[in-house]
Amino acid sequence: MTDAIDYQEIFREIVSGFTDADDRGDVAAYIPELVKIDPRKLGIHLTTVEQIHYSFGDSDEKFSIQSIAKVLSLTLALKILGKDIWTRVGVEPSGSAFNSLVQLEYEKGIPRNPFINAGAIVVCDILVSCLTDPKVELLEFIRETSGIPTIDYCSTVAESEKRMGFRNIALVNFMKDFGNIHNDADLVLDLYFHLCSIEMSCKELVQAFLFLAADGINPVTKTTVINSQRSKRINSLMQMCGFYDEAGEFAFRVGLPGKSGVGGGIVAVHPGKFCIAVWSPKLNENGNSHKGMKVLEEVTTKTKFSIF
Ligand code: GLU
């Protein structure tokens, strides 16, 4: 049972303590559609494993979850392929940028982990191999996992990424040359760009990720999303690799497994206790939401609920 804490009051205290110095960073500019987002947005939502909800600000507004979705595609691929997935993608932090090509050259086309772009593209390749209609079936899985039938791709964001996705195009072709992409590169990228375009609110994100706080079981429907050992592995990967090359800083300041996206969202999990999502579009120099990290740092400091 989670200790009775008034998270709502904690969110209010944290946000009212923000100063001009906290209003730093820039909205992601390399995906043209994302530049249009109002940088002042701020949403927070926390749900405990006992299903108590706490919201703040723009927590019901949908935004582009971007790389956060890579956790859900990994979950589906792991469910389908099991441990064989680890012959195609590693489980180590990369220590380099999320879209870097450098490591792939000397590691022979095997990406360091499933959350950098190259790793998520290999996961998409696996889904293209295993599913009949990958875009439809991936979306169905996410809708089922979250219990929210309205979750959808945003075709304008997917198109926008496709037009500017030169690095991702390079990554998929580079890995194909090493034999680690088995399908047509355009087909794999189409799934990848759609995956990144998924929109959810903070509240919906928490619903979709709550199984990782409950040993792989959706606490609402009581259905098993993934077994507890794999749920543990996904949380471990988020802890080590969920924040581009700032995963160490996030662990140091926040102390929870989590995943961020360049849309300004961060989702974090306290296994056995809660799942929390924060959205604030201005990113720091490492591509993580500046205020999002600050909110989460203060939540775990004030409640003493980090995993360490
Ligand atoms: N769709 C983005 C890209 O491939 C993902 C960025 C992110 O959120 O890390 O560049």
Side-chain angles (χ1 to χ4, degrees), residues 1-24 38-63 65 68 71 145-148 200-222 231 235 238-239 242-243 249-261 263-282 288-308:
M1 187 77 183
T2 303
D3 321 41
I5 285 203
D6 187 354
Y7 290 100
Q8 207 103 33
E9 186 48 34
I10 289 175
F11 299 156
R12 263 194 294 272
E13 260 173 42
I14 294 170
V15 175
S16 64
F18 279 153
T19 63
D20 288 349
D22 293 311
D23 196 30
R24 286 213 302 271
D38 180 352
R40 293 163 303 180
K41 294 286 178 189
L42 176 62
I44 311 172
H45 189 93
L46 181 149
T47 301
T48 65
V49 289
E50 299 89 11
Q51 289 295 296
I52 306 169
H53 297 268
Y54 301 89
S55 295
F56 183 90
D58 305 305
S59 56
D60 279 321
E61 194 166 322
K62 284 181 186 282
F63 60 94
I65 70 166
I68 298 174
V71 179
T145 300
S146 60
I148 307 167
M200 289 193 210
S201 66
C202 289
K203 187 174 181 189
E204 290 173 335
L205 259 180
V206 164
Q207 259 175 262
F209 278 70
L210 205 55
F211 72 95
L212 291 171
D215 278 334
I217 296 168
N218 178 326
V220 184
T221 60
K222 311 276 183 247
S231 172
N235 280 329
M238 289 204 295
Q239 181 73 55
F243 295 86
E249 179 77 13
F250 190 83
F252 186 70
R253 285 174 49 190
V254 179
L256 293 177
K259 181 76 196 86
S260 67
I266 300 179
V267 64
V269 171
H270 193 311
K273 278 198 194 305
F274 59 72
C275 179
I276 181 170
V278 186
W279 172 48
S280 168
K282 284 191 180 180
N288 294 309
S289 169
H290 182 76
K291 272 192 185 154
M293 278 183 71
K294 177 107 190 186
V295 166
L296 291 167
E297 179 178 8
E298 294 206 15
V299 167
T300 54
T301 303
K302 283 178 192 288
T303 60
K304 302 190 177 68
F305 285 165
S306 90
I307 63 164
F308 299 109

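- For Phe63 against Cys202, the heavy-atom pair with the smallest separation is CE2-N, 3.9 Å.
- Distance check: Leu210 CG to Thr221 OG1 gives 10.0 Å after rounding to the nearest 0.5 Å.
- The closest donor-acceptor contact from the side chain of Asp22 to the backbone of Thr19 lies under 3.5 Å.
- Figure legend: Lys273 and Phe305 shown as a cation-pi pair, the cationic atom lying under 6.0 angstrom from the six-membered ring centre and within 45 degrees of its axis.
- Contact annotation: the side chain of Ile68 never approaches that of Met200 to less than 4.5 Å [non-hydrogen atoms, C-beta and beyond].
- A distance of 13.0 Å separates NZ of Lys41 from NZ of Lys291, quoted to the nearest 0.5 Å.
- The line from CD1 of Ile10 to CD1 of Ile44 is 11.0 Å long, rounded to the nearest 0.5 Å.
- Remark: Asp38 pairs with Arg40 by the side chain to side chain donor-acceptor pair (under 3.5 Å) rule, at least two apart or across chains.
- The backbone N or O of Val254 lies less than 3.5 Å from a partner atom in the side chain of Thr300, making a donor-acceptor pair.
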Working for ring pair (Phe, Tyr, Trp, His ring centres under 6.0 Å), residues Tyr7 and Phe274: CA-CA 11 Å; Tyr7 290 100; Phe274 59 72; 5.8 Å; yes
Verdict with supporting geometry, His45 and Thr47, side-chain hydrogen bond (donor to acceptor under 3.5 Å, both in side chains): CA-CA 7 Å; His45 189 93; Thr47 301; 3.0 Å; yes
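- Remark: side-chain polar atoms of Lys302 are not paired, donor with acceptor, to backbone N or O of Val299 under 3.5 angstrom.
- Closest of all the heavy-atom pairs between Gln239 and Ala251 is NE2-CB, 3.3 Å.
- Side chains of Tyr54 and Ile276 form no contact here, defined as non-hydrogen atoms less than 4.5 Å apart.
- The closest side-chain heavy-atom distance from Leu212 to Ser231 is below 4.5 Å.
- Using a 4.5 Å cut-off on side-chain heavy atoms (C-beta onward), Cys275 and Val267 make contact.
- Closest of all the heavy-atom pairs between Glu13 and Ser16 is O-OG, 3.1 Å.
- Once rounded to the nearest 0.5 Å, the distance linking CE of Met238 with CZ of Phe209 reads 6.5 Å.
- Pairing each heavy atom of Ala277 with each of Val206, the nearest pair is N-CG2, 3.5 Å.
- Atom CZ of Phe252 is surrounded by 12 or fewer heavy atoms from other residues, nucleotides or ligands within 6.0 Å.
- Note: Gln51 CD to Gln207 CD = 7.5 Å, rounded to the nearest 0.5 Å.
- Within the 4.5 Å cutoff, no side-chain heavy atoms of Glu204 are placed close to those of Ser146.
- Closest approach of Ser306 and His270 over heavy atoms only: O-NE2, 3.3 Å.
- Closest approach of Ile14 and Val295 over heavy atoms only: CD1-O, 3.9 Å.
- At a threshold of 4.5 Å between non-hydrogen side-chain atoms, the residues Thr145 and Asn218 do not count as touching.
- With respect to the salt-bridge test (charged N to carboxylate O, under 4.0 angstrom), the residues Arg12 and Glu9 qualify.
- The ring-ring contact (aromatic ring centres under 6.0 Å, His included) search around Phe211 returns none, not counting sequence neighbours.
- Looking at Gln8, its side chain does come within 3.5 Å of a backbone N or O of Ser55 through a donor-acceptor pair.
- The backbone N or O of Gly263 sits less than 3.5 Å from a side-chain atom of Trp279, completing a donor-acceptor pair.
- The backbone N or O of Ser280 sits less than 3.5 Å from a side-chain atom of Ser289, completing a donor-acceptor pair.
- Looking at Phe250 and Asn288, their side chains never come closer than 4.5 Å, going by heavy atoms from C-beta outward.
- In terms of modelled atom types and a separation under 3.5 Å, the side chain of Lys259 and the main chain of Gly242 share a donor-acceptor contact.
- Between Ile307 and Leu256, the closest side-chain pair of non-hydrogen atoms falls below 4.5 Å.
- The OG atom of Ser201 sits 6.0 Å away from atom NZ of Lys62, with the distance rounded to the nearest 0.5 Å.
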